Each structure stands twice: as structure tokens, then as C-alpha cells.
Amino acid sequence: MELSELLLGRKDCPCGMSHSCPIDYLVIEEGALKKIPELVANYSSIVLAADTNTYAVCGKQVEELIKDKIESVLVYESEGVLVPNEAAIALLTDKVTEKTDLIVGVGSGVINDLCKQVSFASKLPYYIVATAPSMDGYASKGSALILDGMKVTLNADVPKAIIADINIIKNAPFEMIQAGYGDIIGKFSCLNDWKLSSVVNGEYICDYVFNATMDTTKETVFLADKLTERDPHAVSALMKALVTVGILMAYVGNSRPASGSEHHMSHYFEIVGILRGEPYFSHGIDVCYSAVETCRIREELLKIENIEEFNDCFDADEYNANINRIYGSIAGEVFALQNKMGWYDLDRVAIYKEKWAEIRKVLAEAPTSAEMLDYVKRVGLDYNDFTKLYGEEKIADGKLYAKDLKDRYSVLWMLYELYGAKAKSI
């Protein structure tokens with residue numbers, strides 16, 4: 001699918017919506033940085049944001065290319081991973097003045113999310129200069145942040161320009177290339193969740209967006225071998241796939257086409273890691289590994305021979321104890337979110353019984369866990385690294401309670417609603 005076609009939007013889609021994505025410039029090519037001066041020609045007071053790593057990669061070069069238009073430069077300095085929290089947002093917000101007419105971010109996930117949020121709050125346009133093909137949020141309308149200790153995605157606007165110089169992104173740390181691949185491969189899981197929620201909850205689904213995302217995902221699988229060689233054509237194709245999925249998210253106004261159970265588990269590993277001071281993988285790599293787990297969950301659910309034997313098994317005391325044990329200082333926020341959703345008051349088991357044949361058909365459409373493991377291996381990832389880092393208990397807790405960090409239905413809810421805490425042994 002051509003990106004130029006997607007940027008034109010899609011009016012009067014059969015899903016009932018008209019889709020658009022107001023990105024003005026999309027430059028993914030060798031030497032893309034050279035085009036930045038002409039892309040900022042109509043701006044005069046630019047805030048440039050980067051972190052210490054991305055500033056060294058090409059942030060200083062970007063600054064020199066547009067130095068006569070620079071109002072101020074923010075280079076985030078942090079030990080370890082930069083966290084997109086209230087403090088990081090405040091640092092960038094403080095750089096914005098009445099004169100500022102554009103924010104330019106240089107980086108990938110966190111820098112993009114921070115610029116996206118501050119530009120939206122300040123009613124300013126922003127450009128993102130990508131430094132790695134590591135995630136699919138470049139073109140999306142959501143900014144993924146950690147506020148009050150919780151992973152949240154806030155509505156924002158797409159960037160007015162995405163600039164990705166292949167000469168730069170192909171030399172990103174290979175872990176970031178693996179992360180981008182993993183973020184796309186995880187769509188096999190989240191698309192299945194979307195269709196599952198359509199059956200169980202009657203959730204809106206756009207067949208055009210669903211199929212376009214699936215096609216992009218399938219095409220990305222075959223990039224793995226060349227990605228390990230940092231082949232520029234493969235890296236370019238991966239970056240275009242990531243932007244494509246971001247545009248498709250913008251089409252429906254949320255991250256549903258790109259984020260499901262596998263992302264919820266990734267967010268769980270990140271949040272718990274931050275809370276406990278424990279290591280965690282980068283987002284896309286966690287997504288890739290977690291997709292193996294969610295495919296295993298679907299396989300286990302497909303083994304159910306008689307759905308009529310199941311009943312609502314929610315134990316409030318047990319649930320409360322586990323949420324407090326796992327989430328500690330942010331348990332209150334988790335409880336508040338789920339109380340707002342009210343999903344623990346529902347008896348979805350009755351719906352599962354009524355629609356089990358249709359549900360089984362959907363679950364069976366997802367790849368097997370063996371197939372997902374093969375996708376993991378193709379790009380040089382070792383699933384044993386996942387189990388070694390997190391251990392059986394943390395992974396098992398994730399399958400049961402990662403869902404509670406989000407307000408979106410996925411196969412994790414079905415697992416818990418049918419088995420309760422007993423699912424820990426599955």
C-alpha cells in the first residue's frame with residue numbers, strides 16, 4: 001500500500017466513517033535531513049527537543065540546518081531510560097513561549113510522544129525527525145505517557161511532518177530495529193483482539209483498516225532476514241510499515257488497530273519495572289515476546305470442549321489482594337480505572353456461551369504460538385531471554401492482570417473471566 005494514497009484519506013468508508021490523516025510532509029529516503037530547511041521555511045521560532053543520544057545522532061545536525069530559526073533547544077538528560085512523565089512534559093512545556101510557532105522533535109518513541117503532547121496542549125504544530133524505526137506511533141493521534149504512575153494514551157494530533165533519513169535509521173542500535181519489527185508483528189495478536197471484541201461486545205470495526213493493517217503485518221514478516229543485515233531497502237520498508245500503521249490508527253482515532261493484549265502485557269512489564277526498579281525490554285521487543293504468550297492463551301481457550309461448564313468465577317477479595325501485590329503504590333489508580341469501566345460487574349461468560357462457535361472461529365484465525373516464535377527468531381530475538389528476564393511468576397501475573405492497566409477488551413479478559421486466578425497455571 002502506498003503511503004501517498006493513505007495520506008489522501010478515505011471518504012465515505014463502508015464502516016460509516018470518513019478517514020483522514022492531516023500530515024503535510026512525509027519524507028522517508030536517503031538524505032532526508034537535507035530537506036528540513038525547506039520544510040521549515042514558513043516558521044521562524046522553533047523549539048528543538050532531543051535526548052542526549054538522539055542529539056548526538058542527528059539533533060545537532062538538525063539544529064545547524066535551521067539554526068537561524070531556533071528559539072531554544074531542550075536536550076533531555078537522564079540516567080537510563082527517559083520516562084515520558086509529568087516532569088518531562090513540564091521541561092518541554094517551559095520551553096514554549098508566545099513566539100514559538102513549531103516544535104521539532106529528534107528521536108523516536110518517547111521524544112515523539114512528548115512533542116506530540118506538548119504541541120497538542122500548546123496548539124502548535126510539530127515535526128518529528130526519526131532516529132530509529134522502532135515503533136508505530138510516529139503518525140498516530142495518541143501520545144503514550146506515564147502519568148500518576150499509570151501508562152495512558154492521550155488524544156493528540158499527528159505531526160505535520162515525519163522525516164526519516166535512511167542513512168540514519170539503518171544505523172540505529174539493532175535492538176531498536178528489532179523493536180520496530182516486533183511492534184508490527186504484534187498486530188497479529190491485536191487485530192485478533194479487535195475482531196474478538198467486535199463479536200463479544202459489538203465494538204466498531206473498520207474492515208478497510210483491519211485488512212490494511214493485516215496486509216502490512218504479513219509483508220513485514222519477510223523483512224526479517226534483510227533487517228538483520230541493516231539492508232537500507234528493508235529498513236525503509238519497515239519504517240514505511242510503522243508509519244502506515246500509525247496512519248491507520250489516525251483513521252479510526254485511536255490505537256485499536258495496533259494495540260491489544262500483547263501491548264497491554266508490554267505496558268505491564270514496563271510499569272512494574274519502573275515501580276520495582278527492575279529491568280524491562282524496549283516496548284516493541286516486549287510486544288513481540290508477549291504476542292507469543294497471547295497466542296498461547298488463544299490455543300488454550302480453543303481446547304475448551306464444553307463452554308457450558310464455565311460460570312462467572314470472579315473473587316473480589318482475591319482480585320483486590322493481587323492488584324495490591326502487583327501494582328503497590330498505583331493500585332488505587334488501577335482500581336479507579338476498573339471501577340469506572342464496570343467490567344467486573346458484567347457476566348460476559350453468558351455471552352461467551354451464546355457466541356462460542358463464532359468466538360472459536362475468531363480465535364483460530366490468530367497465528368499459533370509456534371508460528372509467533374518463528375517470527376521472533378527470524379529477527380534474531382531469543383524467547384529464552386524473555387523468560388529469563390521476567391520469570392514465570394511475573395509473566396503469569398501479566399496474563400492475568402495486565403488487562404487492568406487499560407480500558408480496552410482483549411483475550412486477556414476472556415482468559416480471566418473463564419478461569420479467574422486459576423489461569424495462572426495455564
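Quick caveat, the model's predicted, so the values are computed rather than measured.
- Within the model, atoms NE2 of His264 and CD of Glu262 stand 7.5 Å from one another, a figure rounded to the nearest 0.5 Å.
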**Request:** Output, in order, the C-alpha distance, side-chain angles, deciding distance and verdict of side-chain contact (heavy atoms from CB on, under 4.5 Å) for Ile177 and Val379.
**Result:** CA-CA 9 Å; Ile177 295 174; Val379 79; 5.7 Å; no
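- Applying the ring pair (Phe, Tyr, Trp, His ring centres under 6.0 Å) test to residues at least two apart or on different chains, the pairs with a partner in residues 11-30 are His19-Tyr251.
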**Prompt:** Does the side-chain contact (heavy atoms from CB on, under 4.5 Å) test come out yes or no for Lys141 and Asn155, once each step is laid out?
**Reply:** CA-CA 6 Å; Lys141 286 188 175 179; Asn155 288 330; 5.8 Å; no
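- Side-chain contact between Asn167 and Asn171 is absent, with no heavy atoms from C-beta onward closer than 4.5 Å.
- Annotation: Phe222, atom CZ; neighbour count of heavy atoms from other residues, nucleotides and ligands within 6.0 Å does not exceed 12.
- Inspection of the Asn112 and Tyr126 side chains reveals an N or O donor paired with an N or O acceptor under 3.5 Å.
- For the residue pair Arg408 and Ser255, a side-chain donor N or O sits within less than 3.5 Å of a side-chain acceptor on the partner.
- Side-chain contact check for Arg298 and Ser189: at least one donor-acceptor pair (N or O, by modelled atom type) lies under 3.5 Å.
- Under the 3.5 Å distance criterion, the side-chain polar atoms of Lys123 are left unmatched by any main-chain donor or acceptor of Phe120.
- No close placement of the Tyr280 and Tyr390 rings is indicated, their centers lying 6.0 Å or farther apart.
- In the model, Ser198 has no side-chain atom that pairs as donor or acceptor with a side-chain atom of Glu203 under 3.5 Å.
- Closest approach of Cys58 to Val129, counting heavy atoms only: SG-CG1, 4.2 Å.
- In terms of heavy atoms, Val411 sits closest to Leu196 at CA-CD2, 3.9 Å.
- Between Tyr327 and Asp397, the side chains place no donor N or O within less than 3.5 Å of an acceptor N or O (distance only, hydrogens not considered).
- Between Tyr344 and Asp404, the shortest heavy-atom contact is OH-OD1, 2.6 Å.
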**Message:** If you apply the rule salt bridge (Lys or Arg N to Asp or Glu O under 4.0 Å), what do you find for Glu393 with Arg325, and how did you get there?
**Reply:** CA-CA 12 Å; Glu393 182 176 6; Arg325 171 179 62 84; 3.5 Å; yes
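- How far CG of Asp101 is from CG of Asn42: 9.5 Å, rounded to the nearest 0.5 Å.
- Taking the six-membered ring for Trp, Tyr375 and Phe188 have ring centres closer than 6.0 Å.
- In this structure, Trp343 has its ring center at least 6.0 angstrom away from the ring center of Tyr416.
- The shortest side-chain heavy-atom distance between Arg348 and Tyr409 falls under the 4.5 Å cut-off.
- Defined by atom type and a distance below 3.5 Å, a donor-acceptor pair is present between the side-chain atoms of Ser261 and Asp193.
- No donor-acceptor distance shorter than 3.5 angstrom exists from the side chain of Asp231 to the backbone of Leu227, with no hydrogens or angles considered.
- When atom types are taken as modelled, the side chain of Lys187 and the backbone of Pro257 share no donor-acceptor pair closer than 3.5 angstrom.
- Put simply, the side chain of Glu299 gets close to the backbone of Ser369: a donor and an acceptor are under 3.5 Å apart.
- Here the shortest heavy-atom pairing between Ala50 and Ile111 reads C-CD1, 3.7 Å.
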**Prompt:** Are Leu147 and Leu154 close enough, and set up right, to give a side-chain contact (heavy atoms from CB on, under 4.5 Å), and what steps lead you there?
**Reply:** CA-CA 10 Å; Leu147 304 178; Leu154 301 184; 3.9 Å; yes
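- In this structure, Val73 and Val75 have side chains that are in contact, with non-hydrogen atoms separated by less than 4.5 Å.
- The aromatic ring centroids of Phe314 and Tyr319 lie less than 6.0 Å from each other.
- Residue Lys394 places its NZ atom among more than 12 non-hydrogen atoms of other residues, nucleotides or ligands, all under 6.0 Å distant.
- By the neighbour-count criterion of 12 heavy atoms within 6.0 Å, atom CD of Glu77 is sparsely surrounded, having that number or fewer from other residues, nucleotides or ligands.
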**Request:** Given side-chain contact (heavy atoms from CB on, under 4.5 Å), test Cys21 with Leu6 step by step and report yes or no.
**Result:** CA-CA 8 Å; Cys21 183; Leu6 281 176; over 6 Å; no
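- For the pair Cys295/Thr368, no side-chain contact is recorded, criterion being any heavy-atom separation below 4.5 Å from C-beta on.
- The distance from atom CZ of Arg256 to atom CG of Leu191, rounded to the nearest 0.5 Å, is 9.5 Å.
- The distance from atom SG of Cys115 to atom CG of Leu92, rounded to the nearest 0.5 Å, is 5.5 Å.
- In the model, Ser197 has a side-chain atom that pairs as donor or acceptor with a side-chain atom of Asn201 under 3.5 Å.
- Proximity of Met249 to Ser259: side-chain heavy atoms (C-beta onward) are nowhere separated by under 4.5 Å.
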**Message:** Run the salt bridge (Lys or Arg N to Asp or Glu O under 4.0 Å) test on Lys99 and Glu71 for me, step by step, so that the C-alpha distance in whole Å, both residues' side-chain angles and the decisive distance to 0.1 Å come before the verdict.
**Reply:** CA-CA 8 Å; Lys99 295 193 305 179; Glu71 177 185 358; 5.1 Å; no
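- Counting heavy-atom neighbours within 6.0 Å of Lys170 NZ, excluding the residue itself, gives a total above 12.
- For the pair Ser108/Tyr138, a side-chain contact is recorded, criterion being any heavy-atom separation below 4.5 Å from C-beta on.
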**Request:** Just do the salt bridge (Lys or Arg N to Asp or Glu O under 4.0 Å) check on Asp382 and Lys377 with the steps written out, would you?
**Result:** CA-CA 6 Å; Asp382 186 347; Lys377 292 175 183 177; over 6 Å; no
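- Under the 4.0 Å criterion applied to side-chain N and carboxylate O atoms, Glu30 and Lys35 are not assigned as salt-bridge partners.
- Side chains of Glu392 and Thr387: a donor-acceptor N/O pair is absent below 3.5 angstrom, by distance only.
- In terms of heavy atoms, Ala144 sits closest to Pro84 at O-CG, 3.8 Å.
- Side-chain atoms of Asp183 and His263 form a donor-acceptor pair, as typed in the model, at a separation below 3.5 Å.
- In this structure, OG in Ser18 is found 10.0 Å from CZ in Arg10, a value given to the nearest 0.5 Å.
- Ser236 places no side-chain N or O within 3.5 Å of a backbone atom of Pro232 that could act as its donor or acceptor partner.
- Using a cutoff of 4.0 Å between basic side-chain nitrogens and carboxylate oxygens, Lys151 and Glu270 are scored as salt-bridged.
- Inter-residue side-chain proximity for Tyr76 and Leu74 is flagged as met; some heavy-atom pair is nearer than 4.5 Å.
- When atom types are taken as modelled, the side chain of Ser290 and the backbone of Met265 share no donor-acceptor pair closer than 3.5 angstrom.
- Nearest heavy-atom pair, Ser122 versus Val96, reported as atom, atom and distance to 0.1 Å: OG-CG1, 4.1 Å.
- For the residue pair Ser140 and Lys116, a side-chain donor N or O sits within less than 3.5 Å of a side-chain acceptor on the partner.
- The backbone N or O of Leu39 lies less than 3.5 Å from a partner atom in the side chain of Tyr127, making a donor-acceptor pair.
- Put simply, CD1 on Ile274 and CZ on Phe269 are 14.0 Å apart, with the number rounded to the nearest 0.5 Å.
- No cation-pi contact links Arg230 to Phe174, judged by a cut-off of 6.0 Å to the six-membered ring centre and 45° from its axis.
- Looking only at distances, no side-chain donor or acceptor of Asp136 sits under 3.5 Å from a matching main-chain atom of Gly246.
- In this structure the side chain of Leu124 never reaches within 4.5 angstrom of the side chain of Leu102, judged on heavy atoms.
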